[in-house]
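Following: one structure in C-alpha cells, then a few remarks.
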Amino acid sequence: MDTGPGVRTVSGGVPCDLVTVPARQGLEAVDILRLRDGLGPVLLCDGEGDTLGFLVPPGTADCWDLPGSACTQTPGRPRTVAQEPPLAGTGWLVPPEGAFGVATDASLLRAALGEAARTIEAVDRCQ
C-alpha cells in the first residue's frame with residue numbers, strides 16, 4: 001500500500017522484522033534473490049560493512065532459527081518503509097525503491113541464505 005512518494009507501508013503499517021547475516025553470505029543471497037525477483041530492501045547494518053540486514057515480514061522473528069543469523073523486530077509502531085533506514089547507524093544496500101517488494105519473503109530468504117552458504121563453502125574448498 002503506497003502512502004506517498006517513496007513511502008510504502010508494510011502489512012498495514014506494522015513493523016518489519018530484520019534478519020541479520022554476515023556480509024559475505026548476505027551479498028551472495030542478494031544476488032540469488034535478485035535473479036528470482038524476490039528481494040526486498042536490504043540494509044548495511046554496521047559501519048564496517050560486516051553485516052547485512054534483510055527486511056522480512058512481521059512475525060518472522062518468532063520462528064527464525066537459521067544458524068549464523070539473527071532475526072529481531074525493528075523498533076517503532078506504526079512502521080513504514082521509507083527513504084530513511086529503520087534503524088540508526090544503518091544505510092541502504094538495496095533501498096525500498098530498488099527492491100521487488102516491501103519485504104523479502106522469509107522462506108525465500110532462508111533458501112537463498114542456504115544456497116549462499118553452500119556456494120561460499122564450495123569456493124573456499126577450491127582455494
Side-chain angles (χ1 to χ4, degrees):
M1 160 189 232
D2 284 345
T3 59
V7 178
R8 294 179 279 180
T9 61
V10 178
S11 299
V14 298
C16 283
D17 290 351
L18 183 72
V19 173
T20 53
V21 298
R24 187 174 179 202
Q25 183 181 14
L27 290 170
E28 288 287 339
V30 165
D31 287 343
I32 292 164
L33 290 165
R34 275 190 177 151
L35 291 171
R36 297 180 183 149
D37 293 342
L39 184 63
V42 180
L43 294 166
L44 297 166
C45 289
D46 58 32
E48 305 296 316
D50 294 334
T51 307
L52 296 185
F54 293 81
L55 292 180
V56 293
T60 300
D62 295 336
C63 59
W64 189 263
D65 63 353
L66 188 66
S69 67
C71 187
T72 56
Q73 293 179 343
T74 59
R77 278 185 199 272
R79 173 69 190 104
T80 59
V81 176
Q83 297 289 338
E84 293 297 317
L87 300 172
T90 63
W92 293 116
L93 175 66
V94 178
E97 62 274 8
F100 290 106
V102 294
T104 300
D105 178 272
S107 62
L108 293 177
L109 178 58
R110 180 182 298 277
L113 289 171
E115 187 175 335
R118 292 186 298 277
T119 299
I120 290 168
E121 184 180 320
V123 168
D124 288 349
R125 278 195 313 259
C126 292
Q127 293 180 354

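Count residues from 1 along the sequence. Please read these numbers as outputs of a predicted model, since none were measured by experiment. All heavy atoms count here, side chains included; hydrogens, waters and symmetry mates do not.
Of all heavy-atom pairs between P57 and A106, the closest is CD-N, 4.2 Å. Shortest non-hydrogen contact noted between A116 and A29 is CB-N, 3.8 Å. Of all heavy-atom pairs between G101 and P41, the closest is O-CD, 3.3 Å. A pairwise comparison of heavy atoms in V19 and C71 identifies CG2-SG, 3.6 Å as the closest pair. Residues G68 and P22 share a closest heavy-atom pair of O-CD, 3.4 Å. Nearest heavy atom pair, residue C45 against residue T20, reads SG-CG2, 4.0 Å.
Residues passing the side chain to side chain donor-acceptor pair (under 3.5 Å) test with T119: none are found, sequence neighbours excluded. Take L93 and apply the side chain to side chain contact (heavy atoms under 4.5 Å, CB included) test, not counting sequence neighbours, and it matches L27, V30, V42, L44, L52.
Residues in residues 112-121 take part in these salt bridge (charged side-chain N to carboxylate O under 4.0 Å, His left out) pairs, two or more places apart or across chains: R36-E115, E121-R125. Judged as a salt bridge (charged side-chain N to carboxylate O under 4.0 Å, His left out), the pairs with a partner in residues 16-34 (not counting sequence neighbours) are, in order, R24-D124. Screening residues 51-70 for side chain to side chain donor-acceptor pair (under 3.5 Å), with sequence neighbours left out, gives D46-T51, W64-S69, D65-R110.
Using a 4.5 Å cut-off on side-chain heavy atoms (C-beta onward), F54 and L39 make contact.
Linking ILVMFWY residues whenever their side-chain heavy atoms come closer than 4.5 Å, directly or via other members, places V56 and F100 in the same cluster.
Considering CG of D105 and CG of L33, their distance stands at 9.5 Å, rounded to 0.5 Å.
At distances below 3.5 Å, not a single donor-acceptor pair connects side-chain atoms of Q73 with backbone N or O atoms of P58.
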